[in-house]
Amino acid sequence: MGANSSSICELPGNEYLKRLSGAEAVSENDPFWNQLLSFNFTAPTSSAELKLLEEATISIFKSLVENNPRTGNLGALIKVFLSRTKELKISAECQNHLFIWQAHNALFIICCSLKVFICQMSEEELQLHFTYEERMPGSYGVECEDLIEELLCCLIQLIVEIPLLDITYSISLEAVTTLIVFLSCQLFHKEILRESIIHKYLMRGRCLPYTSRLVKTLLYNFIRQERSPPPGSHVFQQQTDGGGLLYGFASGVATGLWTVFTLGGVGSKPAPQQEQSSPLANQSLLLLLVLANLTDAPDTPNPYRQAIMSFKNTQDSTAFPSPSPHAFQINFNSLYTALCEQQKSDQATLLLYILLHQNSNVRTYMLARTDMENLVLPILEILYHVEERNSHHVYMALIILLILTEDDGFNRSIHEVVLKNITWYSERVLTEISLGSLLILVVIRTIQYNMTRTRDKYLHTNCLAALANMSAQFRSLHQYAAQRIISLFSLLSKKHNKVLEQATQTLRGSLSSDDSPLPDYAQDLNVIEEVIRMMLEIINSCLTNSLHHNPNLVYALLYKRDLFEQFRTHPSFQDIMQNIDLVISFFSSRLEQAGAQLSVERVLEIIKQGAVALPKDRLRKFPELKFKYVEEEQPEEFFIPYVWSLVYNSAVALYWNPQDIQLFTMDSG
């Protein structure tokens with residue numbers, strides 16, 4: 001690194017930064033750029049570090065915003081960067097550290113500048129700042145090339161074409177980050193952006209042909225999870241084998257200029273979670289989610305979403321359906337493995353949801369896997385720790401389960417997968433349980449949590465829909481899973497009785513009091529009865545379709561038979577209670593005939609024998625329970641704020657002042 005060191009607090013007085021932001025225009029051919037861009041620093045690795053840097057450079061960027069219309073220095077800096085990127089690929093192949101180092105530094109300053117500009121002005125004003133250039137007295141302005149499109153296209157080319165090496169990792173990461181910053185205009189608008197200048201550039205024109213390559217590269221960045229190289233591996237180093245002259249040039253330029261500044265102190269140790277993560281993978285995934293959720297133009301569907309919807313497995317040799325302008329192929333096995341391993345993050349769960357919901361090739365492949373437990377277990381763990389997760393993450397996990405349970409093959413296969421020692425399930429020691437029974441336990445636990453805490457009808461509906469989809473294929477239910485199904489029904493029954501009692505008491509009191517408004521118990525009662533009806537349908541579906549496979553459920557049903565008594569004559573449940581009542585009566589009779597003081601083992605044996613003896617035609621057939629996930633109208637109203645909240649909270653070394661954010665409140669973000 002350089003000979004001297006300067007602290008962040010000295011940056012506002014730095015003569016080279018002051019010249020960049022000052023009132024004097026700097027030609028793109030001026031040697032000044034070599035001097036400005038020859039600095040070494042420990043790049044920000046967190047939003048906290050970047051906040052320190054931004055606070056230190058407020059005066060610099062304020063001057064740049066004020067003076068750029070006259071000097072065009074922002075445009076000149078961008079042109080310098082563009083000219084250097086033309087040789088980046090060759091520089092990477094030749095291990096030209098100096099060239100890549102200076103190009104990275106230029107992009108870092110551009111990215112920091114863009115963040116300030118985008119936060120402070122409209123897209124139209126930003127576009128003007130890209131057109132400003134120095135005017136010589138008496139000269140006539142000529143039409144400028146479109147620098148925004150030029151820069152956007154260059155960033156995409158850099159991401160998709162430059163090989164990922166230790167020396168190119170930082171500039172690849174900076175290119176992804178700069179694209180996110182370009183798109184961050186959405187953060188400063190309360191309404192969803194449907195007519196964005198930046199969106200237009202990315203969805204048509206010179207950027208459009210790179211759509212599939214960009215999506216593929218971002219996906220592979222996520223799949224590979226390449227860690228950041230060791231400090232110094234991407235910075236120009238002193239050579240001992242004849243490279244001294246080149247190093248001497250770089251060192252001489254840096255000395256006394258920016259020189260070396262560090263954000264966390266020399267040799268500062270990154271946080272443990274940063275040590276374990278891949279900044280490029282994280283940032284690439286966030287950019288991919290942002291691109292996937294850009295709104296369609298009136299005459300142009302979002303090409304990035306089209307690419308995500310249509311890509312295929314590298315093992316798939318069938319022709320792409322026509323037209324498929326942005327189709328490509330990727331290794332599904334590697335993608336599946338990465339998705340299984342990364343589900344602790346909101347953004348990985350959201351990607352899984354998008355792929356399952358929108359890409360039929362991915363959905364078909366995943367449902368055909370024989371190791372679905374690797375994907376389902378992390379999703380169940382998200383739901384199990386519901387109190388530690390934000391509501392959006394829980395919803396995504398639940399919807400993923402709902403999509404999976406739409407497939408009968410999945411519903412059958414999960415009962416064939418036997419798991420041992422589920423350590424994160426703490427309510428009870430589960431030494432051996434099927435994946436299907438565990439899924440039932442976790443979903444029921446989520447329902448019970450929701451009943452006592454959040455009381456979200458949407459969450460209830462999706463949990464019950466997943467259970468209903470699985471119910472006809474329930475097989476060999478674990479005794480604890482069978483108990484929890486009946487326990488949930490017991491809880492609902494008690495809640496029903498409590499609300500009914502409150503409604504009755506209130507009605508009696510109102511007859512002897514003034515005309516004060518009554519609580520809407522009728523609505524509460526209606527909601528509870530809908531849920532009870534659904535639970536009865538789930539139990540009935542299992543009994544009707546797989547009675548002989550589920551002795552533990554029949555046992556739990558008989559053990560709590562009194563629970564169902566009050567619903568036999570209830571007009572809302574009479575029809576669905578017929579089968580349940582018949583099963584209870586049939587098996588109760590057989591147990592009575594067997595005598596008193598029966599052991600659990602003997603009861604289960606009688607149930608298994610009775611299941612074979614019970615004529616199937618005695619059970620009334622009901623329509624099959626099948627619920628399909630349907631995305632709400634205008635899903636962008638949910639997904640775009642959600643994605644940007646993930647960017648705000650998860651992006652590597654990106655910081656925005658919370659007071660400037662308009663898209664979402666900090667509570668929801």
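A quick note: this is a predicted structure, and the numbers were derived from the prediction, not measured. We count residues from 1, following the sequence as given.
Applying the salt bridge (charged side-chain N to carboxylate O under 4.0 Å, His left out) test between Asp575 and each of Arg533, Lys621, Arg568 identifies Arg533 as the sole match.
Defined by atom type and a distance below 3.5 Å, a donor-acceptor pair is present between the side-chain atoms of Asn579 and Asn540. At a cut-off of 3.5 Å, with distance as the only test, no side-chain donor of Ser278 or Glu226 sits close to an acceptor on the other residue. Checking Gln473 against His415 by side-chain atom types alone, no donor-acceptor pair falls below 3.5 Å. Under 3.5 Å, the side chains of Arg484 and Gln448 contain a donor-acceptor pair of N or O atoms. Counting only N and O atoms by type, the side chains of Asp346 and Asn390 include a donor and acceptor under 3.5 Å apart. Side-chain contact of His549 with Ser476: a donor-acceptor pair under 3.5 Å is absent, judged by distance alone. Neither side chain, Thr569 nor Gln574, offers a donor N or O lying under 3.5 Å from an acceptor on the other.
Classified by interplanar angle (parallel below 30°, tilted 30° to 60°, perpendicular above 60°), the ring pair Phe564/Phe489 is parallel. The aromatic rings of Phe639 and Tyr353 sit parallel, their planes meeting at an angle under 30°, below the 60° perpendicular limit.
The salt bridge (charged side-chain N to carboxylate O under 4.0 Å, His left out) pairs that include a residue from residues 420-446 are Lys420-Glu432, Glu427-Arg445, where partners are two or more places apart or lie in different chains.
Side-chain atoms of Thr337 come within 3.5 Å of backbone atoms of Asn333 as a donor-acceptor pair (strictly under, hydrogens ignored).
For the pair Met535/Ile485, a side-chain contact is recorded, criterion being any heavy-atom separation below 4.5 Å from C-beta on.
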